[in-house]
Amino acid sequence: MLDLKFIRENAELVKTAVKNKNEKADIDKIIELDEAKRIAQFNFDQKKAEQNKVSKEIGLKKKNKEDASDLINQMASVAQEIKDLKAELTDAETALNDAIMWVPNLPHADVPVGKSEDDNQVIREWGKKRDFTFQPLDHVEIAEKNALLDLERGAKISGSGFPIHTGMGARLERALINFMLDYHILHHGYTEIMVPSLVNPTSMKGTGQLPKLKDDMYCVSEDDMYLIPTAEVPITNFFSQEILKNDALPQKFVGFSNCFRREAGSYGKDTRGLQRLHQFNKVEMVRFVHPEESWKVLEEMVNDAEDILKALNLPYRLLRLCTGDTSFASAMTYDLEVWAPGANKYLEVSSVSNFADFQARRASIRFRDADGKVQFVHTLNGSGLATPRTIIAILENYQNADGSFEIPEVLKAYLPKI
RNA sequence: GGAGAUGUGUCCGAGUGGUUGAAGGAGCACGGUUGGAAACCGUGUAUAGGUGCAAGCCUAUCUAGAGUUCGAAUCUCUACAUCUCCGCCA
């Protein structure tokens with residue numbers, strides 16, 4: 001959420017940002033609604049001040065055993081007027097809040113303006129793509145040869161996009177998750193956190209999934225709850241509605257969760273095997289920092305995610321997303337894409353974003369600075385990493401000519417021979 | 001799922017329907033005292049919106065929403081949360 005005062009004073013800037021992010025929020029309409037709301041607020045305040053004043057007088061008179069019936073009669077109609085003004089104010093507030101929830105975050109000045117993923121910038125590449133002496137298989141074939149997955153039965157039980165990991169496939173998945181968690185805890189100083197998979201609508205609004213991404217999420221309507229698309233949601237909301245003490249910052253959390261995505265409208269696109277799923281596993285890093293720190297911390301988090309790929313010795317490239325590809329709530333996003341030789345393409349395994357104070361405003365996450373002033377924190381998050389495409393990359397990069405595959409060195413401790 | 005109790009500020013904890021944004025503590029901050037500290041003394045200690053150059057003033061907020069009333073932290077209803085007991089259960 002942006003500051004209303006900021007929108008009011010920088011309308012053109014915000015309009016440009018909306019356009020560059022391929023969003024539709026109507027800024028002129030919001031400014032109108034804001035004015036209407038302030039007028040309603042003023043009218044209500046005036047009437048209420050009158051009532052408060054006279055009610056006090058009535059109280060005094062009664063205390064002195066004087067007759068106050070004149071004043072009481074005089075106030076009889078005011079109560080109803082206040083009720084009406086209050087209703088007007090509530091309506092104006094609701095309309096304004098609904099509208100402002102659709103205004104995206106401003107992209108940072110360094111974010112390249114662009115329409116789609118074709119305009120993303122490659123920042124750097126790491127690792128050497130392996131020269132194969134044979135035609136590399138893709139992960140579905142390797143998984144089949146080694147009985148790692150049972151996608152058919154997953155589809156039978158739940159539907160397509162709900163994979164079943166079997167035997168070594170399940171062990172590898174579990175080893176990878178534990179390795180990544182431990183790595184961030186031991187080498188990067190994160191605190192592990194385990195969070196709910198179902199959250200309420202307020203939390204989804206707080207991180208910016210609602211209202212825009214409603215159709216991309218699974219909803220348990222009976223209980224008015226949503227399955228999380230990422231652990232970012234419950235972890236970032238950890239401090240929602242709170243004012244942190246000055247020395248509470250920074251905070252760094254890492255957590256594993258299942259992630260659930262409806263992927264509405266993306267049927268048939270890059271769906272082979274584990275490429276695009278309705279349910280998958282992910283280790284997520286979340287940071288709460290002082291506003292002055294967030295840009296430095298964004299680079300740190302990118303490094304934290306890269307370290308996992310380096311440890312696994314998987315070639316990758318780092319992209320800075322253009323405005324059109326940067327998510328609604330983000331001010332700047334980097335993607336990490338791992339090289340998959342079987343598929344012969346790069347696959348996104350991590351997205352690292354600085355939200356600045358956008359989520360903090362929505363979720364009301366604040367802190368008291370050194371001068372005792374209350375300010376919004378900055379929030380950041382990044383995958384570290386999502387497992388499915390990391391597994392794809394491991395299988396395809398570590399495959400042997402006979403269809404078997406090697407276990408990355410760093411995972412061996414997590415996969416004792418049985 | 002059933003029965004009951006509770007929900008006040010950073011925390012604890014008062015609060016008879018009428019100058020209560022809220023007593024009193026604790027904590028914290030600053031100042032005094034001290035060689036330094038503890039103890040002690042003094043002062044300060046919410047958030048949001050509006051208005052003003054500013055001091056300030058107005059409005060809202062005692063879990064949330066609705067109701068009764070000229071007036072609600074206080075009375076009524078609903079929801080939510082916590083605790084206790086019973087039931088069920090990994």
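Nothing here was measured: the structure is a model prediction, and the numbers come from that model. Within every chain, numbering begins at 1; the chains are lettered A, B, ... in the order of the sequence lines, protein sequences first and strands thereafter.
For B:G49, the base has a donor-acceptor partner in the side chain of A:D45 [N/O atoms by modelled type, under 3.5 angstrom].
Aromatic ring pairs are classed by plane angle as parallel below 30°, tilted from 30° to 60° and perpendicular above 60°; the pair A:H188 and A:Y190 is perpendicular.
Here B:G31 sits opposite B:C41 as a Watson-Crick or G-U wobble pair (both hydrogen-bonding atom distances under 3.5 Å). For B:G52, there is no paired nucleotide, since no Watson-Crick or G-U wobble pair has both relevant distances below 3.5 Å. Of the nucleotides present, none pairs with B:G87 by Watson-Crick or G-U wobble criteria with both distances under 3.5 Å. The nucleotide B:A81 finds its pairing partner in B:U6, both defining distances of the Watson-Crick or G-U wobble pair being shorter than 3.5 Å. In this entry B:A46 has B:U61 as its Watson-Crick or G-U wobble partner, both defining distances falling under 3.5 Å. Pairing partner, B:A22: none, since no Watson-Crick or wobble contact has both distances short of 3.5 Å.
The separation of B:G13 from B:G7, taken at their P atoms, amounts to 10 Å, rounded to a whole angstrom. A distance of about 26 Å separates the C1' atoms of B:U16 and B:A64, rounded to the whole Å. One P atom belongs to B:U10, the other to B:G87, and the distance between them is 40 Å to the nearest Å. Comparing the C1' positions of B:U20 and B:C62 gives an interatomic distance of 10 Å, to the nearest angstrom. B:G71 and B:U19 have their C1' atoms separated by 12 Å, given to the nearest Å. B:G65 and B:G9: their P atoms are spaced 15 Å apart (whole Å). Atom name C1', nucleotides B:A81 and B:A29: the rounded distance is 33 Å, in whole Å. To the nearest whole angstrom, the two C1' atoms, one in B:A14 and one in B:U74, are 13 Å apart.
A donor-acceptor distance shorter than 3.5 angstrom exists from the side chain of A:Q399 to the backbone of A:L137, with no hydrogens or angles considered.
Nearest nucleotide to the A:K48 side chain, out of B:U59, B:C70, B:A46: B:U59. Set against B:U19, B:G71, B:U47, the side chain of A:K56 has B:U19 as its closest nucleotide. Of the candidate nucleotides B:C70, B:G67, B:G50, B:G50 has the atom nearest to the side chain of A:R8.
Between A:K83 and B:U68, a side-chain N or O to OP1/OP2 separation shorter than 4.0 Å is present. Contact annotation: A:R368 does not reach the phosphate of B:A46 (side-chain N/O to OP1 or OP2, under 4.0 Å).
Atom pair A:K62:NZ and B:U19:C1' shows a separation of 17 Å (rounding to whole Å applied). When the C1' atom of B:C58 is taken as reference, atom CD of A:Q51 falls 14 Å away, rounded to whole Å. Put simply, CG on A:L60 is 7 Å from C1' on B:U19, counting in whole angstrom units. Across the protein-nucleic acid pair, A:K86 atom NZ and B:G49 atom P stand 15 Å apart, rounded to whole Å. We find that CD of A:E50 is positioned 13 Å from P of B:A60, with the value rounded to whole Å. Per the geometry, CD belonging to A:E93 stands 15 Å off P belonging to B:A48, to the nearest Å. Look at CG on A:N52: it is 8 Å from C1' on B:G71, rounded to the nearest Å. Atom NZ in A:K373 sits roughly 15 Å away from atom C1' in B:A48 (whole-Å rounding).
For the pair A:K63 and A:Q41, nearest-nucleotide mapping onto RNA chain B gives the more 5' position to A:K63. Checking A:K37 against A:G59, the closest nucleotide of RNA chain B that is more toward the 5' end is the one next to A:G59.
Ionic pairing of A:D357 and A:R361 is present here: one or more N-O contacts between side-chain nitrogen and carboxylate oxygen are shorter than 4.0 angstrom. A salt bridge does not link A:E337 to A:K345: none of the charged nitrogens lies less than 4.0 Å from a carboxylate oxygen. The existence of a salt bridge linking A:K21 and A:E23 is excluded, since no basic side-chain nitrogen approaches an acidic carboxylate oxygen closer than 4.0 Å.
Residue contacts shown for A:V374 are limited to sugar-phosphate atoms, with no base heavy atom under 4.0 Å away. At the heavy-atom level, A:K61 lies nowhere under 4.0 Å from the strands shown. Residue A:I58 is in base contact, counting any heavy-atom pair closer than 4.0 Å across all strands shown.
Remark: aromatic rings of A:H378 and A:F358 are distant, center separation not under 6.0 Å. Separation of the A:F238 and A:F253 ring centroids falls under the 6.0 Å cut-off.
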